[in-house]
Enquirer: 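Have a look at the structure that comes next, please.
Chain letters run A, B, ... following the sequence lines, proteins first and then strands; every chain starts at 1.
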There are 2 protein chains.
Amino acid sequence: MPTSKDVAQAAGVAQSTVSYVLSGKRPISEKTRKKVEAAIEQLTYQPNAGARALASRKTRVIGLVIPFIPELEMGSIMEFVSVIASTARQFDHDILLVTDDEGAAGLRRVVGQQICDGLILMQVEDEDERLPVARSLHVPVVLIGIPRDPSGLVCIDADFEMAGEHCVRDLAAAGHSVISVIDWQPAVMDRHVNYVDRFLHGTDVAAKALGVTVLHLPGGTDRATISESVDKALASTTGNPAFIVPDRTIQDILRRDLSGRGLTLGLDVSVIGSASPTLAELQPIPLSTIDLRPAEVSRRAVKIMCQLLESDSQGPHESLELVPTVITHRSSTLRPQ
Amino acid sequence: MPTSKDVAQAAGVAQSTVSYVLSGKRPISEKTRKKVEAAIEQLTYQPNAGARALASRKTRVIGLVIPFIPELEMGSIMEFVSVIASTARQFDHDILLVTDDEGAAGLRRVVGQQICDGLILMQVEDEDERLPVARSLHVPVVLIGIPRDPSGLVCIDADFEMAGEHCVRDLAAAGHSVISVIDWQPAVMDRHVNYVDRFLHGTDVAAKALGVTVLHLPGGTDRATISESVDKALASTTGNPAFIVPDRTIQDILRRDLSGRGLTLGLDVSVIGSASPTLAELQPIPLSTIDLRPAEVSRRAVKIMCQLLESDSQGPHESLELVPTVITHRSSTLRPQ
DNA sequence: TTGAAAGCGTTACCAC
DNA sequence: GTGGTAACGCTTTCAA
């Protein structure tokens, strides 16, 4: 492997000049720049990351802490991971995976060994054991998700409250006066990710503002629970029922239950579910969908991280950003009762 | 951040001794080891990865090249990623993400800059533009998937041929003499991932051996295609039809189509589909499932990589490993016609 | 069994 | 605008 020394020799300049050509940290005459660039090209020189990290104290690597296999919704996790990795490249950074089964110790390790310059934490819960560590680490940390106490932390997430509001507003506008919200499945409720509360709160806010009734019904991945919830929903409505189903893993079961009752989505029943647009496309379910825009959240998380790294301010930062969600309508879905 | 020099000083030994205590590359007296370990503990020393990489020419990082967002089956990709990352940690390595949108240049970059010691490529296609690069790189490369020409490459994958055979054998044993295999959706067929061919070939082999008929019918993510395929299947069978549906994204559509025709899975129809056991659990579809064991494939891929790194033999290696698949039966699914 | 010192390939400061 | 050189923090060879 050629080194910058080789390049310097080939170009007939000092090693430091090669470094400055690459970094642009000091003016270089057109002539020598050309010479150096030619030598780099010709030797196919690439700077050694380890040496660079050692000398500059910057690895240009961001640690991404991925959730510990909750089996649920791996697909949407991958959506985050994938976009985060691509975006990081756009900012000339790489992503190192930190699996959550290492726990808080993993965070200390990658930062302590100076493998990466900063951390992005996914799936942050209300009370997260990683947070005290995150605060004490002397590197920038960006959270995807909002803990109960976000003080001293940089957080970003989809605006779940707004999403909840929008869903209710849409169904109300379609003429529904009673709207059933199916909760996330127990496994998710138990994890105390507070986006659940934020979403549900959004539905209540809108309901109060519009004078409609919102029913909160239990969610689950078994037919029995859903069936029971649908019973309740039907019992409480005189007209056509309307459902809001934020948990993707429930949507399919609900659909089966409804069609088992001879109810046609979009005709007899209005449903809004969360989904990425591509997923909705792939499985043409007649739902209006709340797009929580994981890609946008991911992009911004990386952007924020890179800004923090740029301005390498040591002290702790604090900020909270909510990414607006989007409702995509599907024709003939929201039918007035 | 404390350095090994600090540790040496605190322990009253030479810096090299600290290094040897950590690496175990030479015998250390119990006494000095204790002293050094105490100092490490007390200073919470962690070796600097960059410096270590520079001096040892080993980063202890493995690059993982993830597929470029084909929107399909992100969930199963994440299953690989997650297990790969955990397993790598068990071998004291970390995973760096390399997104496939960087293409072959990305491989050259991470290897050229010596950010990682080896590469694992996921979703290897029949003719893969990354392969020539992979062969020319002077680091170990492990492929998940088997290209048309695996010469000079280390490959690992699920044994799709065996999976195909098993599916047919199972249905034949249940009394079916005509078995319909629904192809993967066109998007997958077009990508020329040869596991499709291997699987289909397996079904043919078993069919021939057992004297049963295998029908290959087009797959797709739209109802029309599936409906047509089901028509053909029904037309060709006098008894109860049997289906093999390796593509997960098709299973749900098929199920809807069948129940639309008043056919009950497990009673009127036998179906075998591929799925991870957990997924099957989550969505209780009455299918027997082929478990392609992505976790096992991932674990072995990492293990092979770490062995290659251990024995850091420069020359190109070549090997091909097929991981046996497993069929999980669900009661009352495979009903004799 | 241990220590001293020479690199490893950059960056960045200090001269010129 | 450019060159020389001292770090950066570790590994490893050579001596003792």
Enquirer: Within this structure, what is the CG-to-P distance between B:Leu22 and D:dT12, rounded to whole angstrom?
Expert: 12 Å
Enquirer: Pull out every residue in residues 36-62 of chain B that has a heavy atom closer than 4.0 Å to any atom of DNA chain C, ordered by number, or say none.
Expert: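 Heavy-atom cutoff 4.0 Å gives B:Leu54, B:Ala55, B:Arg57.
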Enquirer: Can you check whether A:Thr32 has a side-chain N or O nearer than 4.0 Å to OP1 or OP2 of D:dT2?
Expert: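 For A:Thr32, the contact criterion (side-chain N or O under 4.0 Å from OP1 or OP2 of D:dT2) is met.
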Enquirer: In whole angstrom, give the distance that lies between atom NZ of A:Lys35 and atom P of D:dG1.
Expert: 14 Å
Enquirer: Once you round it to whole Å, what is the distance between P of C:dT10 and CE of A:Met1?
Expert: 11 Å
Enquirer: Are OP1 or OP2 of C:dT2 and a side-chain N or O of B:Ser16 less than 4.0 angstrom apart?
Expert: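 No, B:Ser16 has no side-chain N/O under 4.0 Å of OP1/OP2 on C:dT2.
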Enquirer: With a cut-off of less than 4.0 Å, is there a side-chain N or O of A:Ser19 near OP1 or OP2 of C:dT10?
Expert: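 Looking at the OP1 and OP2 atoms of C:dT10, neither is under 4.0 Å from any side-chain N or O of A:Ser19.
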Enquirer: Any idea which of D:dT2, C:dT10, D:dG4 is nearest the A:Ser4 side chain?
Expert: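 Closest nucleotide among those given: C:dT10.
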Enquirer: Start with the C-alpha gap between A:Arg52 and A:Leu22, add the side-chain angles, then the distance that decides, and say whether side chain to side chain contact (heavy atoms under 4.5 Å, CB included) holds.
Expert: CA-CA 12 Å; A:Arg52 174 173 278 193; A:Leu22 254 45; 4.1 Å; yes
Enquirer: Would the distance check show the side chain of B:Arg300 and the main-chain N or O of B:Leu322 forming a donor-acceptor pair, the cut-off being under 3.5 Å?
Expert: no
Enquirer: Does A:Val154 reach the side chain of A:Ser319, with side-chain heavy atoms less than 4.5 Å apart?
Expert: yes
Enquirer: Atom CD1 of B:Ile115 to atom P of C:dT10: distance rounded to whole Å?
Expert: 13 Å
Enquirer: Report the distance from atom CD of B:Gln114 to atom C1' of C:dC8, rounded to the nearest whole Å.
Expert: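 Distance, rounded to whole Å: 10 Å.
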Enquirer: Between B:Lys31 and A:Ser23, name the one whose nearest nucleotide on DNA chain C is closer to the 5' end.
Expert: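 Whichever sits nearer the 5' end wins; that is B:Lys31.
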Enquirer: When the distance from CZ of A:Arg26 to P of D:dT2 is rounded to whole Å, what number comes out?
Expert: 8 Å
Enquirer: Are the side chains of A:Ile144 and A:Ile84 in contact, using a 4.5 Å heavy-atom criterion?
Expert: yes
Enquirer: Between A:Asp126 and A:Arg148, is there a salt bridge with N-O shorter than 4.0 Å?
Expert: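 Here A:Arg148 pairs with A:Asp126 in a salt bridge, since their nearest N and O are under 4.0 Å apart.
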Enquirer: Students often get this wrong, so: under 4.0 angstrom with heavy atoms, is B:Val18 touching a base, only sugar-phosphate, or nothing?
Expert: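 Nothing, no nucleic acid heavy atom in range.
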Enquirer: OP1, OP2 of C:dA12 versus side-chain N and O of A:Lys25: anything below 4.0 Å?
Expert: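 For A:Lys25, the contact criterion (side-chain N or O under 4.0 Å from OP1 or OP2 of C:dA12) is met.
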Enquirer: Under the side-chain contact (heavy atoms from CB on, under 4.5 Å) test against B:Val111, which residue among B:Leu119, B:Val141, B:Val98, B:Asp117 passes?
Expert: B:Leu119
Enquirer: On the nucleotide D:dC10, are OP1 or OP2 found under 4.0 Å from the side-chain N or O atoms that B:Lys5 carries?
Expert: no
Enquirer: Just compare C:dT2, C:dC13, C:dT11 and give me whichever is closest to any side-chain atom of A:Tyr20.
Expert: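 Nearest to the side chain of A:Tyr20 among the choices is C:dC13.
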Enquirer: As a test of reading the structure: which of C:dT10, D:dT12, C:dT2 is closest to the side chain of A:Gln15, going by heavy atoms?
Expert: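 Per side-chain heavy atoms of A:Gln15, the pick is C:dT10.
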Enquirer: For A:Val133 and A:Ala104, work out which heavy atoms get closest and say how close.
Expert: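 Taking A:Val133 first and A:Ala104 second, the nearest heavy atoms are CG2-CB, 3.5 Å.
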